[in-house]
Amino acid sequence: EYWNEVFEPLVQGYMDGVTPNPDVACNREIKFKVLLEHARALGAARLATGHYARLDHTGGTTKLIQAVDPAKDQTYFLSSVPAEALRHAMFPLGGLHKSEV
């Protein structure tokens, strides 16, 4: 899946004269699609990653919000992950500063 969903579009982007971001595609297509589906099939309720980001689950929706440490915030790299996938995610580092890790 990585080759088709991340690597080939990356190469095509360079050939088209744009600067793609493979991290954004990898999070959307691999970590929070393929890996999450596999984890759920194994019975996992959540997928925890080391991203510096936080989630707000109030009001019946899931919203991606910035990490406490603005120097480490990675919400940009998660910005294309669907809210439904984020509903099953955990970001334990998002509430910490790098110095606390």
Side-chain angles (χ1 to χ4, degrees):
E1 286 100 356
Y2 183 86
W3 185 270
N4 294 328
E5 301 298 331
V6 179
F7 186 73
E8 283 185 351
L10 170 73
V11 172
Q12 186 62 51
Y14 283 132
M15 291 172 54
D16 292 342
V18 298
T19 306
N21 189 320
D23 295 331
V24 171
C26 185
N27 284 323
R28 181 185 62 243
E29 301 297 332
I30 305 301
K31 288 180 187 158
F32 292 96
K33 190 174 186 181
V34 177
L35 179 60
L36 178 59
E37 288 171 1
H38 184 69
R40 303 271 298 150
L42 293 173
R46 301 247 186 264
L47 176 65
T49 74
H51 290 97
Y52 282 86
R54 294 181 297 153
L55 297 169
D56 178 0
H57 297 286
T58 60
T61 62
T62 300
K63 296 176 188 154
L64 182 64
I65 57 176
Q66 291 182 330
V68 169
D69 188 339
K72 296 299 291 178
D73 180 69
Q74 294 178 305
T75 52
Y76 171 79
F77 300 102
L78 298 164
S79 61
S80 70
V81 175
E84 175 58 27
L86 291 175
R87 190 168 74 84
H88 301 286
M90 294 175 63
F91 303 125
L93 299 181
L96 302 172
H97 286 86
K98 177 65 175 175
S99 61
E100 298 175 277
V101 177

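The analysis underlying the following values was restricted to heavy atoms, covering all of them including side chains, and did not include hydrogens, waters or symmetry mates. Throughout, residue positions are numbered sequentially from 1 according to the sequence presented. Predicted, not measured: the structure shown is a model, and the values here were computed from it.
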Quiz item: salt bridge (charged side-chain N to carboxylate O under 4.0 Å, His left out) with Lys31: which residues, sequence neighbours excluded?
Solution: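 None.
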
Quiz item: Which residues pass the salt bridge (charged side-chain N to carboxylate O under 4.0 Å, His left out) test with Arg40, sequence neighbours left out?
Solution: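 If we apply the salt bridge (charged side-chain N to carboxylate O under 4.0 Å, His left out) test to Arg40, skipping adjacent residues, there are no hits.
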
Can you name the side-chain hydrogen bond (donor to acceptor under 3.5 Å, both in side chains) partners of [X], sequence neighbours left out?
{"X": "Glu1", "value": "none"}
{"X": "Ser80", "value": "Arg28"}
{"X": "Gln66", "value": "none"}

Quiz prompt | Within residues 88-101 or reaching into it, pairs that qualify as salt bridge (charged side-chain N to carboxylate O under 4.0 Å, His left out) - sequence neighbours excluded | solution =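 Listed by first then second residue: nothing to list.
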
Exercise. Could you note down all residue pairs passing salt bridge (charged side-chain N to carboxylate O under 4.0 Å, His left out) where residues 46-72 supplies at least one of them, sequence neighbours left out?
Key: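 For residues 46-72: none.
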
State, to 0.1 Å, how close [X] and [Y] come at their nearest heavy-atom pair, and which atoms those are.
{"X": "Ala53", "Y": "Thr75", "result": "CB-CG2, 3.8 Å"}
{"X": "His97", "Y": "Val68", "result": "CE1-CG1, 3.2 Å"}
{"X": "Ala83", "Y": "Thr62", "result": "CB-O, 3.9 Å"}

Ignoring hydrogens and angles, write down the donor-acceptor pairs under 3.5 Å from the side chains of residues 11-19, residues two or more places apart or on other chains.
| residue | atom | partner | partner atom | Å |
| --- | --- | --- | --- | --- |
| Gln12 | NE2 | Asp16 | OD1 | 2.9 |

Quiz item: Rounded to the nearest 0.5 Å, what separation is found between the CG atom of Asn27 and the NE2 atom of His51?
Solution: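 Reported to 0.5 Å precision, the distance equals 4.0 Å.
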
Exercise. Under 4.5 Å between side-chain heavy atoms, chaining through other members, with only Ile, Leu, Val, Met, Phe, Trp and Tyr counted: pull out the rest of the cluster around Phe32, sorted by chain and number.
Key: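 Leu35, Leu36, Leu47, Leu55, Leu64, Leu78, Val81, Leu86, Phe91, listed by chain and number.
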
Quiz item: Apart from Phe77 itself, which Ile, Leu, Val, Met, Phe, Trp or Tyr residues share its cluster (side-chain heavy atoms under 4.5 Å, direct or through members)?
Solution: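 Members other than Phe77 - counting any ILVMFWY side chain reachable under 4.5 Å - are Val24, Tyr76.
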
Self-check item: Partner set under ring pair (Phe, Tyr, Trp, His ring centres under 6.0 Å) for Phe7, not counting sequence neighbours
Solution: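 With neighbours one apart ignored, the set is Trp3.
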
Exercise. Would you indicate whether the side-chain heavy atoms of Val34 and Glu5 approach each other to under 4.5 Å?
Key: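 No. Closest side-chain heavy atoms not under 4.5 Å.
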
Quiz item: Is Tyr52 close to Asp73 at the side-chain level, that is, under 4.5 Å between some pair of heavy atoms?
Solution: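 Side chain of Asp73 against side chain of Tyr52, heavy atoms only: no contact under 4.5 Å found.
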
Quiz item: Sequence neighbours excluded, which residues qualify as side chain to side chain contact (heavy atoms under 4.5 Å, CB included) partners of Ala48?
Solution: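 Ala48 satisfies side chain to side chain contact (heavy atoms under 4.5 Å, CB included) with Met90, Pro92 only.
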
